[in-house]
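One structure is given below, encoded as structure tokens.
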Amino acid sequence: MIRRARYHFYRWLARSLWSVMGGVEVRGLENVPKTGAFIMIANHQSFLDPILVQAVCPRVLHSMAKSTQFGSPFFRRLLTQLYSFPVRRFEVDPQAVRQVLRRLAQGNGVIIYIEGERSWDGQLQAPRIGTVRIALKAGVPIVPVRVDGAYDAWPRWHRKIRRNRIRIEFREAFRLPHLESREEREQHVPQAADRIMSALRPGGRRG
Amino acid sequence: MIRDLLWGCVVCGTMESLREVDRIETCEQCGARYRRAHGAQIAVEVDGRGIETRSAAEWSGQLPPVTPTGTAECLARVAESDMQVTGYGEYLGRVERFGNFKFGQVELTEQALIFRARDGEGSFEWPLSELTAVQPSSTSLQIKAKRRPVVSFKFVDSSSRLWEERIQLALRQHYSTREIIEFQPRISLR
């Protein structure tokens, strides 16, 4: 209860702070499932994406965050309060996969940034195949979310944040086939990756 | 820093030539000055030729080609142990604990990545055939080798983006008969 209250306080705080930094324009909230498990897959332009997507999404989002962010006691405490869990990106991390599947099994929404890293030049990068494998294994609805404007506000190569209006668009949810066998999943990876990435491109399906 | 994105001068094509002069990133070779313009656009000013402003992606397309070898000064640190992360009574996963940074020089050859510590604390070598992952993390670059801990490099005057592409290119040449389909969480070949 206290954890959820804290989460909503941080959401309010992020929305309030960004309202004086240019504001957030949100579209497609009707595409976020009102109940049940889903995986939200977003593009990653800036440090601002995870803060603002969680701030405007009506459902609590559990997020996969890089393990180095859990290095300091302050961030470790903050991130766990915000339903985040670590993933080690330099080796296969079965515990992170278990965390995703467990949280989905509990009926939650999990957000994953499929590019695995902030874009250097603002363009959509290649997907991390592990995310596609998780999506195929989970078999829950996929909600693509496209963030624009965050790169102009705070590009990876610059220290300073600038005022900018940020657009967050929740796009039409879709399902990938739920595949139990590893061989079947591996066969479907390329087309599932294409399906997800086409939904994340600028001007992709809006629902 | 703009040089993290643009590892070479887009005007004269010199690699790793951007240095901060009076808080403005300037090409040591031709004197072109680089500034952040509106939003995330970059303005490049060349004496006598005026200012040209383009998006980061457009300037990136003008970069000189990456080479699969090179040297750079850097800070390196090794993950010395793991730490268990828990939250609300639940085991969430493990997180690496890094040791202190060591200053030195990193060199990429056709066979290996080598780090030589400046203070005489020895050198470390990772043969390309033993690398299992190449992973950027903010402005650092992490590498992992078989049965060895993850190492994080922070480049002093160079770009982690350049070094990621450089090591990826070296690995592609190393495994020239096979295609690398991913570099993280593990290097996978087809």
Side-chain angles (χ1 to χ4, degrees), chain A residues 2-3 45-47 64-72 76-77 79-99 102-103 116-124 126-130 149-160 162-164 189-190, chain B residues 1-7 25 35-36 38-42 55-61 63 79 82-88 90-98 132-145 149-152 159-161 164-165 181-186 188:
Chain A
I2 292 170
R3 187 185 195 185
Q45 297 191 335
S46 160
F47 276 133
M64 191 185 248
K66 62 181 176 184
S67 55
T68 45
Q69 289 187 326
F70 289 78
S72 85
R76 193 157 59 240
R77 193 177 162 84
L79 289 168
T80 50
Q81 280 175 358
L82 295 174
Y83 300 91
S84 286
F85 51 93
V87 59
R88 304 172 84 154
R89 298 172 303 165
F90 51 83
E91 62 187 12
V92 175
D93 188 346
Q95 180 61 15
V97 177
R98 277 194 287 271
Q99 280 292 328
R102 188 177 301 158
R103 288 166 194 237
E117 267 294 310
R118 285 169 294 151
S119 171
W120 277 109
D121 61 5
Q123 305 294 301
L124 194 63
R128 295 287 167 96
I129 303 302
Y151 182 76
D152 286 332
W154 198 3
R156 184 170 174 176
W157 44 267
H158 208 266
R159 292 188 199 104
K160 286 186 183 158
R162 284 188 185 167
R163 283 172 59 92
N164 199 48
V189 161
Chain B
M1 305 286 281
I2 292 172
R3 69 161 180 254
D4 289 321
L5 172 80
L6 302 177
W7 60 70
E25 288 182 76
R35 287 190 188 87
R36 181 176 174 189
H38 178 72
Q41 292 200 311
I42 295 170
S55 70
E58 285 174 308
W59 284 126
S60 284
L63 282 168
D82 275 358
M83 180 180 63
Q84 193 167 302
V85 178
T86 56
Y88 295 86
E90 188 185 11
Y91 168 61
L92 300 177
R94 301 193 75 80
V95 170
E96 53 287 355
R97 265 193 170 141
F98 284 98
T132 57
V134 182
Q135 166 64 50
S137 183
S138 289
T139 52
S140 306
L141 186 67
Q142 298 175 338
I143 61 139
K144 176 86 177 69
V150 65
V151 183
S152 176
S159 151
S160 60
R161 185 186 184 212
E164 180 192 1
E165 297 212 6
I181 51 172
E182 58 184 356
F183 288 93
Q184 64 288 119
R186 65 181 157 211
S188 302

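We name chains A, B, ... by the order of the sequence lines, and we start the count at 1 in each one.
Residue contact with chain A, scored on non-hydrogen atoms closer than 4.5 Å, involves the backbone and the side chain of B:Glu96 alike. At a 4.5 Å heavy-atom cutoff, the contact between A:Arg76 and chain B is made by side-chain atoms alone. Interface remark: B:Ile143 contributes no atoms to any contact with chain A (heavy atom separation under 4.5 Å). If you measure heavy-atom distances from A:Gln81 to chain B, the contacts under 4.5 Å come from both the backbone and the side chain. Contact of B:Phe98 with chain A is made through the side chain alone, with heavy-atom distances under 4.5 Å. In this structure, chain A has a heavy atom under 4.5 Å from the side chain of B:Arg186, while its backbone stays farther away. Neither the backbone nor the side chain of A:Ser119 comes within less than 4.5 Å of any heavy atom of chain B. Using a 4.5 Å cut-off between heavy atoms, A:Ala96 makes no contact with chain B at all. With a 4.5 Å cut-off on non-hydrogen atoms, A:Arg77 does not touch chain B at all. The part of B:Met83 that comes within reach of chain A is its side chain, from C-beta onward, which places non-hydrogen atoms under 4.5 angstrom from that chain. When heavy atoms are compared at a cutoff of 4.5 Å, B:Glu182 approaches chain A solely by way of its side chain, counted from C-beta outward. Within the 4.5 angstrom heavy-atom criterion, only side-chain atoms of B:Ser60, from C-beta onward, approach chain A. In this structure, chain A has heavy atoms under 4.5 Å from both the backbone and the side chain of B:Arg94.
At distances below 3.5 Å, not a single donor-acceptor pair connects side-chain atoms of A:Arg3 with backbone N or O atoms of B:Tyr88. Listed for the A:Arg156 side chain is a donor-acceptor partner under 3.5 Å among the backbone atoms of B:Ser138. Between the side chain of B:Gln41 and the backbone N or O of A:Asp152 there is no donor-acceptor pair closer than 3.5 Å.
Considering CD of B:Glu90 and CD of A:Gln99, their distance stands at 4.5 Å, rounded to 0.5 Å. Rounded to the nearest 0.5 Å, atoms OG1 (A:Thr68) and CZ (B:Arg97) are 14.5 Å apart. Within the model, atoms CZ of A:Phe90 and OG of B:Ser137 stand 9.5 Å from one another, a figure rounded to the nearest 0.5 Å.
Closest of all the heavy-atom pairs between B:Val95 and A:Ser67 is CG1-O, 3.3 Å.
Counting heavy atoms from C-beta outward, A:Glu117 and B:Gln135 have side chains that approach closer than 4.5 Å. B:Ser160 places a side-chain heavy atom less than 4.5 Å from the side chain of A:Trp120. The closest side-chain heavy-atom distance from A:Thr80 to B:Leu92 is below 4.5 Å. Contact check for A:Asp121 versus B:Arg161: side-chain heavy atoms found under the 4.5 Å cut-off.
Of the listed residues B:Ser159, B:Ala133, B:Gly39, the one with more heavy-atom pairs under 4.5 angstrom with chain A than any other is B:Gly39. Ranking B:Ile181, B:Ile42, B:Val134 against chain A, the residue ahead of the rest is B:Ile42, based on heavy-atom pairs under 4.5 Å. Options A:Arg118, A:Lys66, A:Arg102, A:Arg128 differ in how many heavy-atom pairs under 4.5 Å they form with chain B, and the most are formed by A:Arg128. Most heavy-atom pairs under 4.5 Å with chain B, from the set A:Gln123, A:Gln69, A:Arg88: that is A:Arg88.
With hydrogens and angles left out, the side-chain atoms of B:Thr132 and A:Glu91 include no donor and acceptor closer than 3.5 Å.
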